[in-house]
Chemist: 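The structure that follows is given in the form of structure tokens.
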Amino acid sequence: MHRIHAIKLIAKKDVMRTLRTPGVYLAFLMACAGAVLSAYFFSAVKGAFLSMGVGLTDIYTSITMLAVLGVYSLYMAVTSVTTIARERQDKTLEVLFYGPVDERSFILGKYLGRMAVFVLLLLGTTLFIAAAGLAFGLGINESSLKIAVLAVLLISCIVSLGILLSTLTSSVTGSIFLLIVFMIALFLLKVAGILLGIIPDINPAVSIARDLTVSLINITQFISPIEYLSTGIDAVNSSDLLKYAAGFLYPAVYTGILLWVSTVILKRKGVKQ
Amino acid sequence: MANVVEAVNLTKRYGKAYGVKGLNFGIEKGIIYGFIGPNGAGKTTTIALLTGILEPTEGDVLLYGKSLRSDTMGLKRRIGVVPDNPYVYNYMTAAEYLGFFADLYGVENKQERIDELLSYFNLVEHRDKQLKKYSKGMKQKINIARALIHDPDLLFLDEPIQGLDPTGVKEVRDVILGEKKKGKTVFISSHILSEMDKFCDQVGIIDKGVLLMSGSMDKLKRSIKSGIELVIELDKATDKIIDSLKTLGYVREVSADGNTIRVRIDGSADLRKDISRRVTEAGGVIIAMKEEKVDLEAAFVELTKEYR
């Protein structure tokens, strides 16, 4: 009971803090500007789409939502990866733990705080995209709702990964650096996979390197939150109920494991520098 | 009387180095316990261990007879902690900050308690000001108010008067004495010995992570072998006088500063006549002589010197 109370308070504190920073409004403005531009573009090419008999509303909604999701993914990744590091750097983490707070309630509070911020952003943006669609004569449909559900799952993975990386560092700069290193490593691995795929087997070393890279790419499928987005898209588009359920289950398990690991790391590392 | 705080072989190791080593001490209810040591002695580490934010490598902490490991959350609700610096959420106002911690502790009559503390610390007119606009002294006050928000039975303060102006020091002192009056127990660490001497009932001396002594203030002062220092003002202090005094069996140390000689004597007997005679025999003329009791600072220097 006390733990739930602490989780709620930490989450609320986090939301209040975020709402006092310009970053959240900047992200929202960028998303809304993107939606307007997208609506304007699709209204301009409306005729061509109609003549091809393609569902314009679906395309407008899907592309705009995915673009918005890109903006929010970056924003949520940065704010999640700095959330604990900042408290550690400012030593407010220490003060908080003098009170009736333990590692589990702190991590869960942080996670829920981040998710609450995202849900607020998503709600506002989805409404804005619908309004822009109506204003530009593109209409609205339920596909934005499907993508919104996917977005929550994707962001859940990003936030939990951000929190995990945040527990590993002691400063805001260090946490952002770690995030960049992580993203670059994933990107380079993908590039290496593509390059090795097109190089012929001129010697055994290339073959070994390719096998190794493929293995690493397979592993990153479990680590990279982006992979869960494609699983989710497949699930939404699929009529296979099992696949659909798995599309929800994987991110939930991913989030659970990462938050658990974060709790263990925080406990091991301690709250005092 | 049962101890409120009990450190049992408390040890914190960082690799091969010791933060604190084998601390054993107890603190009775309702007293002010001063924890004294130079910077880096292990005071902050000890507080972190006693308040449960640092896990001991060995040993245990008992608060109110219960192991801190077995009931961390329950015991944390009974303590208030003021860290060595005022770490606050700068984006919050004073009222929001205290409100957050009041909610965390489940304080009833939250608003009344916040108003009471803000009024006590003369911060009522600043209640809606963001903490980032507060001065260090004001932040320290809000930090202490935060630690008191749930009316804890046991208060830990880590160097609370460091960097405060005289008014701030007096306010902190008043808070500590006020808590004692209410029957609360206070653990205060500091290296400002003159302040500790004013209000501590018991003290612990720590250096290099080792507790050198723990007990009443009197015990500490008594534990110094040379309990008395004679300050003798002469018309002219010569080497002959100093050497002559050094030959006396009960004289532990003689030091000179201009024409003033300080003589440390073992025990507490009145030896002024004997000393006067020896000075006169050595050709000295005494202008004034006074006896000084060893204060906390001298006791501390003595103890840590022996250890080093």
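First the proteins, then the strands, lettered A, B, ... as listed; each starts at 1.
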Chemist: Between A:Y98 and B:Y87 (judged by ring centroids, cut-off 6.0 Å), do the two rings come close enough to count as a pair?
Modeler: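 Aromatic pair excluded; centres sit 6.0 Å or further apart.
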Chemist: Give, as side chain, backbone, both or neither, the part of B:Y97 having an atom under 4.5 angstrom from any heavy atom of chain A.
Modeler: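 Only the side chain of B:Y97 comes within 4.5 Å of chain A.
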Chemist: Below 30° counts as parallel, above 60° as perpendicular, anything between as tilted: where do the rings of B:Y134 and B:H126 land?
Modeler: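 Perpendicular, since the angle between the ring planes exceeds 60°.
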Chemist: With a 4.5 angstrom heavy-atom cut-off, which part of A:R20 approaches chain B: side chain, backbone, both or neither?
Modeler: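 Side chain of A:R20 only, per the 4.5 Å heavy-atom cut-off to chain B.
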Chemist: Which atoms of B:F101 come close to chain A, meaning under 4.5 Å heavy atom to heavy atom: side chain ones, backbone ones, both, or neither?
Modeler: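 When you check distances to chain A, only side chain atoms of B:F101 fall under 4.5 Å.
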Chemist: Check this for me, if you would: do B:K43 and B:E159 make a salt bridge, where the nitrogen-to-carboxylate-oxygen distance has to be below 4.0 angstrom?
Modeler: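 Salt bridge flag = yes for B:E159 with B:K43.
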Chemist: Any side-chain donor-acceptor pair under 3.5 Å between A:H2 and B:R77?
Modeler: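 The criterion, which ignores hydrogens and geometry beyond distance, is satisfied for B:R77 and A:H2.
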Chemist: Between B:R113 and B:E116, does at least one N-O distance fall below 4.0 Å, as a salt bridge requires?
Modeler: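 Yes, this pair counts.
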Chemist: Only heavy atoms, only distances under 4.5 angstrom. Which residues in residues 115-133 of chain A are near chain B?
Modeler: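 Listed by number, there are no contacting residues, so the answer is none.
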Chemist: Looking at chain B, which one of A:V101, A:T21, A:I10 has the largest number of heavy-atom pairs inside 4.5 Å, strictly under?
Modeler: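 Ranked by heavy-atom pairs under 4.5 Å with chain B, first place is A:V101.
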Chemist: Check each atom of B:V82 against the heavy atoms of chain A and say whether the ones under 4.5 Å are side chain, backbone, both or neither.
Modeler: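 No part of B:V82 comes within 4.5 Å of chain A.
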Chemist: With a 4.5 angstrom heavy-atom cut-off, which part of B:E55 approaches chain A: side chain, backbone, both or neither?
Modeler: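 For B:E55, there is no contact with chain A at all, as no heavy atom is under 4.5 Å.
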Chemist: Show which side-chain atoms of residues 149-160 of chain A pair as donor or acceptor with protein atoms under 3.5 Å away, not counting sequence neighbours.
Modeler:
| from | atom 1 | to | atom 2 | distance (Å) |
| --- | --- | --- | --- | --- |
| A:S156 | OG | A:Y111 | OH | 2.7 |
| A:S156 | OG | A:T255 | OG1 | 2.7 |
| A:S160 | OG | A:S156 | O | 2.9 |
| A:S160 | OG | A:C157 | O | 3.0 |

Chemist: Where is the tightest heavy-atom contact between B:L50 and B:V5, given as atom of each residue plus distance?
Modeler: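 Closest approach of B:L50 to B:V5, heavy atoms only: CD2-CG1, 4.0 Å.
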Chemist: Check the side chains of B:T93 and B:D128 for a donor-acceptor pair under 3.5 angstrom, ignoring hydrogens and angles.
Modeler: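 Their side chains do not contain a donor-acceptor pair, so the 3.5 Å distance test is not met.
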Chemist: Return yes if a side-chain donor-acceptor contact under 3.5 Å exists between A:K110 and A:T83, otherwise no.
Modeler: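 There is such a pair between these side chains.
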Chemist: Could you tell me which of A:E87, A:M16, A:K12 has the largest number of non-hydrogen atom pairs under 4.5 Å with chain B?
Modeler: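 Top option by heavy-atom pairs under 4.5 Å: A:E87.
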